[in-house]
Amino acid sequence: MSAFWALVGRDLRLALRQGADAVMVLMFFVIVVTLFPLGVGPEPGVLERISSGIVWVAALLAAMLSLDRLFQADYDDGSLDLIVMTPAPLELVVLAKCLAHWLTTGLPILIVSPLLGVLMNMRPDAFWVLLAGMALGTPVLSLVGAVGAALVLGSRRAGVLVALLVLPLTIPILIFGVGAVEAAVGGYGARPHLLLLGAVLLFALPLCPWATAAALRQSTT
Amino acid sequence: MHRFANPARFMRIAERLLPWVSGATGLTLIAGLYFGLFASPADYQQGETVRIMYVHVPAAWMALFIYTTMAVASVSYIVWKHPLADVAAQAAAPIGAGFTAMALITGSLWGQPMWGTWWVWDARLTSVLILFFLYLGYMALVNAFDDPERGSRAGAILALVGFINVPIIKFSVDWWNTLHQPASVVKMDGPAIDNSMLIPLLLMALGFKLYFLVVLVIRMRGELTARRVRALRLVEADV
């Protein structure tokens, strides 16, 4: 377990000292959302209607953009080989990597999203549902993204490829995350959608590190 | 089972069976098309468009069947490192993508007169579209590495991860309230369609399956030969 926290600490320190990377992902998230009012017109009714979808899609894209930070740098400088060789189970190592990745991308996105909700005219009573959905959904993005990021290590055009592989697998998150907000706005309970998101998270939590570890083993040997 | 994993032995047996299977494919497809297009009645609601079903349903079955085949092949490639399993999975992917595209297109052609729209975003259609993307992603990943071995191993893991989508597609019509009708052939209390329509449907399904076998063997033969050429070139370069 000490290896787990040591790795989380290392990745967090690295992310903080190269703070520009994490901030860039956040900037991308904000800019993508900002494009929509300019693209579809600033009518409050239209913006309110599409706000949850836009915020979620932008969060998905921002998460894709940040995936190369997960393993690529460690793969390039060779430290990934050493990390894979540690006595700690590789699945646990992957989980630590995912936790650090979520703390540096998922969490900032989650914190900024209500602010973007304001910009997009989202109804204030939907903010909590949006936050709850993001809290359950963004960790899944890190977990599923880790599988893709590990698979494309050493490939050509890894950045485009990882989005191609991971985006189809994240569609359930988008559907239930947006569904929760729509249900809250429409006056139905958001609970079933949030429960489904939670189920996806519980499903991804053991399975994704397992697949990621298998992918890392084959890429480092 | 492992006895047939030897590529040379596999190819010998496949060569011998190929003409017979090809002939059977042609006969079943011709019979299926005859029964489907001429010898079966039009539907009382759907009219003549029901005949699209004889292509659409078997193609959709094949889309799922081929992905399952790829997943099984990927497991045996990861566990036993059978090179033949990897060749089979890679050879099957484009065929599966083709059948998936066929299911989507024929479904769209059927949906326009029947539902009044080419496309709806319901659970069945969306999950099959995701399956199509998974096929494309698999093919892109396998070919993205300079070392073909790396591509094979990464592809095998991706095929297994994507397998989660197959049960979702199968049960999407039961779990969600969809425009797409629920299963009517494989049911606990027997098929819910008349024999005059079931026969062409099953004939076409059999024909598609045999067609898959024929194309799979041809593609595998090509891939095995290509690998042999690559190995010979490497030996030549070493000397």
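The model shown is predicted, which means the values in this text are computed figures rather than measured ones. Lettering follows sequence order; numbering is per chain, from 1.
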Quiz prompt | Partner chain A: residue of B:D146, B:L136, B:T126 with the largest heavy-atom pair count (under 4.5 Å) | solution = B:D146

Practice problem: Identify the heavy atoms of A:L161 and B:A144 that sit nearest to each other, and give their distance. | Solution: CD2-CB, 3.5 Å

Exercise. Decide if atom CZ of A:R156 counts as having more than 12 heavy atoms of other residues, nucleotides or ligands within a radius under 6.0 Å.
Key: yes

Exercise. Against chain A, label B:I164 side chain, backbone, both or neither, depending on which of its atoms sit under 4.5 Å from a heavy atom there.
Key: side chain

Quiz item: Crowded around B:R219 CZ? As in, over 12 foreign heavy atoms under 6.0 Å?
Solution: yes

Indicate every side-chain donor-acceptor pair of residues 208-215 of chain B with a distance under 3.5 Å to a residue at least two apart or in another chain.
none

Practice problem: Please flag which part of B:L158 lies under 4.5 Å from any non-hydrogen atom of chain A: side chain, backbone, both or neither. | Solution: both

Exercise. Drop me the distance from A:S155's OG to B:N143's CG, to the nearest 0.5 angstrom.
Key: 11.5 Å

Quiz item: Under the criterion side-chain contact (heavy atoms from CB on, under 4.5 Å), which of B:L134, B:L141, B:V161 is the partner of A:L165?
Solution: B:L141

Exercise. Compare every heavy atom of B:R150 with every heavy atom of A:Y75, then report the nearest pair and how far apart it is.
Key: OH-NH1, 3.7 Å

Exercise. Check the surroundings of atom CZ in A:R157: do more than 12 heavy atoms from other residues, nucleotides or ligands lie under 6.0 Å from it?
Key: no

Exercise. With side chain to side chain contact (heavy atoms under 4.5 Å, CB included) as the test, would you mind laying out the steps for B:F133 and A:L164 before giving the verdict?
Key: CA-CA 8 Å; B:F133 291 150; A:L164 201 70; over 6 Å; no

Quiz item: Which residue out of A:L207, A:L169, A:L153, A:V144 racks up the most heavy-atom pairs below 4.5 Å with chain B?
Solution: A:L153

Return all side-chain donor-acceptor pairs below 3.5 angstrom for residues 104-112 of chain B, not counting sequence neighbours, or 'none' if the list is empty.
unit_1	atom_1	unit_2	atom_2	d
B:T106	OG1	B:H56	ND1	3.1
B:T106	OG1	B:M102	O	2.7
B:T106	OG1	B:A103	O	3.3
B:S108	OG	B:W118	O	3.1
B:W110	NE1	B:Q46	OE1	3.3

Exercise. Output the distance between atom CG (B:L160) and atom CH2 (A:W210), rounded to the nearest 0.5 Å.
Key: 7.5 Å

Practice problem: Starting at CD of B:E149, measure out to CD of A:Q218 and round the result to the nearest 0.5 Å. | Solution: 9.5 Å

Quiz prompt | Interatomic spacing from CZ in A:R217 to CD1 in B:I157 - rounded to 0.5 Å | solution = 9.5 Å

Practice problem: Give a yes or no on this: more than 12 heavy atoms of other residues, nucleotides or ligands lie within 6.0 Å of atom CZ of B:R230. | Solution: yes

Self-check item: Among the listed options A:A158, A:A150, A:P168, the residue most often paired with chain B at heavy-atom distances under 4.5 Å
Solution: A:P168

Exercise. Measure distances from A:V147 to the heavy atoms of chain B and classify the residue's part below 4.5 Å as side chain, backbone, both or neither.
Key: side chain

